[in-house]
Amino acid sequence: MTNYNVMEMMITVAARELEDGATVGVGTGAPCAAAMLAQKTGSPNLVIMFEAGGVSPLLPEMPISVGDSRTFYKAVMASGMCDIMETCCRGFVDYTFLGGAQIDMYGNLNSTRIGPDHQRPKVRFPGSGGANDFASFCWRMMVITPQDKRRFVEKVDFITTPGWLEGGDSRAKSGLPLGAGPYKIITNMGVMDFEPETKRMRVVSINPGYSFKDIQDNCGFELLKAPKMAETKPPTDKELSILRNEVDPYRYIIGR
Amino acid sequence: MTNYNVMEMMITVAARELEDGATVGVGTGAPCAAAMLAQKTGSPNLVIMFEAGGVSPLLPEMPISVGDSRTFYKAVMASGMCDIMETCCRGFVDYTFLGGAQIDMYGNLNSTRIGPDHQRPKVRFPGSGGANDFASFCWRMMVITPQDKRRFVEKVDFITTPGWLEGGDSRAKSGLPLGAGPYKIITNMGVMDFEPETKRMRVVSINPGYSFKDIQDNCGFELLKAPKMAETKPPTDKELSILRNEVDPYRYIIGR
Amino acid sequence: MDVIEEGIGRLLTDPDPDNAREFFRKKSRKMVDKVMSLKDAIARFVHDGDYLAIGGFGAIRTPIAACHEIVRQGRKNMGFAGHTSTHDFEVLSAGEVFNRVDIAYIIGLEARGLSPCARRYMESGKVEITEWTNYSLAARLKAAAMGVPFVPTRNVLGTDTFHYSAGKVVKCPFTGKRLMLQPALYPDVSVIHVHEADIYGNSRIKGITISDLDLARATKRLIITTERLISNDEIRRDPSLTSIPFYLVDAVCEVRYGAYPGNMPYEYFSDEEHLQEWLKAERDPDAFKEFLKLNIYDCKDHAEYIELHGGIKRMNELRAKEFLIHKEVNND
Amino acid sequence: MDVIEEGIGRLLTDPDPDNAREFFRKKSRKMVDKVMSLKDAIARFVHDGDYLAIGGFGAIRTPIAACHEIVRQGRKNMGFAGHTSTHDFEVLSAGEVFNRVDIAYIIGLEARGLSPCARRYMESGKVEITEWTNYSLAARLKAAAMGVPFVPTRNVLGTDTFHYSAGKVVKCPFTGKRLMLQPALYPDVSVIHVHEADIYGNSRIKGITISDLDLARATKRLIITTERLISNDEIRRDPSLTSIPFYLVDAVCEVRYGAYPGNMPYEYFSDEEHLQEWLKAERDPDAFKEFLKLNIYDCKDHAEYIELHGGIKRMNELRAKEFLIHKEVNND
């Protein structure tokens, strides 16, 4: 725990979820770093897709926008938004990473507003962007986020992006594509997944230096425990070296 | 009537319908010749579109197919079928020319089959192709066809392509785009349009050398007469010269 | 969703996007070498009973080599998307490859006339048919490419084409207008002929794309035949030119003149004399058997067929015709 | 069509395809010279109260010059399509140009942070809002481009985004599945920035097209701003490269660096320092007024704005950054 920081830990944990030959729809920042790290470690055939149209670029550096030139630099295809989103909808995209101001126990995300009045919100956020679309279509949605009571809330002010909705089979009943949904929530303290029946969030892995209690204390709802909770493996020297020297040499994401 | 043939007459009559600045969806053969003649006479800004994707080519010769290389030779765009058909559906295309084995008094066309058994037809034809689509979407549908009792029938064996359906407001009620429909039927003997209320076919213009009776005798249903029936103006020397020397120098369409 | 009217035609494929998703979920996304012979590709990916779709526009950028190979390998009982299907339909009819067809345009070869062989087969009662239009089939592929069970359109309404289709009419909840719903068409397997592809299947098409971009996305398995292989570096040099990405593709076959005797835009024009030979030979069913033996069954591959019809010399003539070089060549 | 559920948001535009057809019927299809100054184009085609859409992706190939001109000319009470709208939204918010917005993504500038000005405006209660997602707005433009009143999609279902949208949920008559219907969005006027266009409006885009091909087809009036005019001969030399045909276009404006301070792929990278100046200036509303006076109201045109921020020298630096030439330039 001395030789890596929280962001490096989260990116590494996320990268390990991306097996070789998978497809992933990513945004800027940590998700993009995780995908790049995965490509340079165990998953050279990981296919990165950007919602604005870039497919499998040879990223020369971190993009600032999911549509900037870097997202289709030496790409195999520079396409458009409908093509990418519909590729997701057809079931071609395995993973996506999303975020939000709030998340609930079913993995529903809020990136729209705080406060009850929709036309005059207390705080207005950007809205869905492509988040609702990716979460609806991609098989496995993941979140990289700090563990924080104000983020992990009992009830989000606005469901911008679907998790397991009200749990159980409510997502399947909604009409969203079958079999897709939230998969892993990766925080600075641990990793959560969802109990298969109730679809409630549960801790599967705890980061070195933290306890289940730490995670629960920083969460606004009751967390379940997976039958077997592991200790999260910290980044290896090799992972750290690639992340620091090749993925994010200017430390835009992993910080200084 | 000595210095032009029937095909030259029909093509010239068709060409005159295409005003400058109009858009027309055409097939191979006479319609394409008519559009080319229009461009070289009064309508240099006529925009020709082919269903497979060619837009406004500088046609070097008659296409053999509505998708062959000629249909997008020095075109302004080489697009696709959905783009062209949806451009028609949005209301951008003014005219189209169609044909068929049978036509009825409402301009409905059959290019599917003869005989009552659909799964085992007496004669099977190609089917709609893009005809139903063009007739549904383009504002004014025209037909160039020989005047013949077996073609102009009381009831077509199969409505492949919509005319005014059962007449009156039946087309509007069907859900087809409002305001579009059959406009002119151009034959070797004359020109027909449709009575505005009943949508029944009526003779508006009779070719030199023919009478209303000739047309009626070669038609399997009762034709109406327009309030004023004109004599069709035969091709001028200029029109004939352009048609023969520039549009169809090898006389593929106009014959030898 | 209240259905006001529905066609009596049978829906020949499953429009359920979740079933398609389950298939696509398992399809490999690895960018690996997919180059193989056309023979192997057809053997591996085109099965008896499959629903087949063919790219291009009948005799334009159509994978005729693949159609020959399907006939040569004796595929039977297939479903088929007759989407402006002209010379491809003629070839596949000759092999009696399919027993059910979604029809938009079949039998005809546009200005060239009708195929006697295809017509006999379609009038035989051996083939189950459902009617559509060119745009309907294009829209059905688009719905599949979008991953939804249908898209609405405004054609077909009010006609017998609708009555014999498997479409449905509903009232639009926004406008009250009647709309035709075109059910998604996910073919089991498709073949598309392109100008250039890399070994992974990233493909470029020049000129009109017809319905091939949607077809590539709608189909469960996809064989690409290409005039020439190019490097992945060249693909990456200009990603704007790629219109079919590798993850859609199962096999890449380099087949020079793969659209012959059809027209390959920017490569070679159609061989109109040879297309007429087909139409003529079909008039007599016995003579046509001999014709098929010579042109398909006794040919090892497309290269042999090309040799039979003048080889490189003839291909160069068709190339000159395509580029309007030597006006006399155009004058046949 | 039985509606199971519907959003409570107001539909800000008319999805009726027959009304759109009547408009398009009257739109000129003549291939005539449409070149004019951006000032004239905005004056003629962008009116108070119109519903506006902007091409590109917020700060990528976005017609920022046109956004400035709209603010400079003081347009008000417009509707707006907030489809990954970032720097364009920031500029238009600064002018308080719109009073109703279809929201997919607004206020934010992706990794750069949130716009204080846009946020204040959106929290003021002055703007009526309806919620969507990026793909929803893309699909709504696609429906309009298809000339139909809606397309079905499988996103948005089950969320508050749906509840505050103007979409409807129906049951699919083919599969029984619940679907979201995205109503067609026909903007009154749109501006798209392209790499090359001829004087008639035939346009080429390099790199990702985002939603612009559908937007160009959906919008009633279309202003093209282009990095450079090219000849019609060059357009006709390779018609495969044209993605927006002339008949969609009302005005063609040559505006070099028209996407600045955004990124124009294959031309210049975004000016991240200047974009940060915007965000910083917005924190203090009074200081921001001065900033706007300097950067928009007192600038005659986009060329003056460019001069204010380093002119050709700065543009060359951004060009080097775009092409990854001189690594030190990238290191800021």
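Labels below follow one simple rule: chain letters A, B, ... track the order of the sequence lines, proteins then strands, and each chain is numbered from 1. All heavy atoms count here, side chains included; hydrogens, waters and symmetry mates do not.
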Show the nearest heavy-atom pair for residues B:Ser174 and C:Arg178, with the distance to one decimal. O-NE, 3.2 Å
Region of C:Arg154 in contact with chain B, defined by heavy-atom distances below 4.5 Å: both
Need one label for C:Ile210: side chain, backbone, both or neither, based on atoms under 4.5 Å from any heavy atom in chain B. both
Between C:Asp212 and chain B, with a heavy-atom cut-off of 4.5 Å, which part of the residue counts as in contact: side chain, backbone, both or neither? neither
Part of C:Val169 within contact of chain B (heavy atom distance under 4.5 Å): neither
Contact class of C:Ile103 relative to chain B, heavy atoms under 4.5 angstrom: side chain
Answer yes or no: is there an ion pair linking C:Lys142 with B:Glu86, defined by an N-O contact shorter than 4.0 Å? yes
So, the part of B:Thr160 with a heavy atom under 4.5 Å from chain C: the answer is both
Over all heavy atoms of both residues, which pair between B:Ser65 and C:Ile60 is shortest? Give the atoms and the distance, please. OG-CD1, 3.0 Å
Any side-chain donor paired with an acceptor under 3.5 Å for C:Glu110 and B:Thr28? no
Between C:Tyr135 and B:Phe134, is the ring centroid distance below 6.0 Å? no
Contact part of C:His163 toward chain B, heavy-atom cut-off under 4.5 Å: side chain, backbone, both or neither? neither
Is the CZ atom of B:Arg150 crowded by more than 12 outside heavy atoms at less than 6.0 Å? no
Under 6.0 Å from the ring centre and within 45 degrees of the ring axis: does the NZ or CZ of B:Arg124 meet both conditions for the six-membered ring of C:Tyr121? no
Part of C:Phe269 lying under 4.5 Å from any heavy atom of chain B: side chain
Between C:Glu123 and B:Arg120, does the side chain to side chain contact (heavy atoms under 4.5 Å, CB included) criterion hold? Intermediate values first, please. CA-CA 5 Å; C:Glu123 289 170 4; B:Arg120 196 164 181 169; over 6 Å; no
Verify, without hydrogens or angle tests, whether C:Glu322 (side chain) and B:Ser69 (backbone) share a donor-acceptor contact under 3.5 angstrom. no
Between C:Asn155 and B:Asn132 (side chain of the first, backbone of the second, donor and acceptor by atom type, cut-off under 3.5 Å), is there such a pair? no
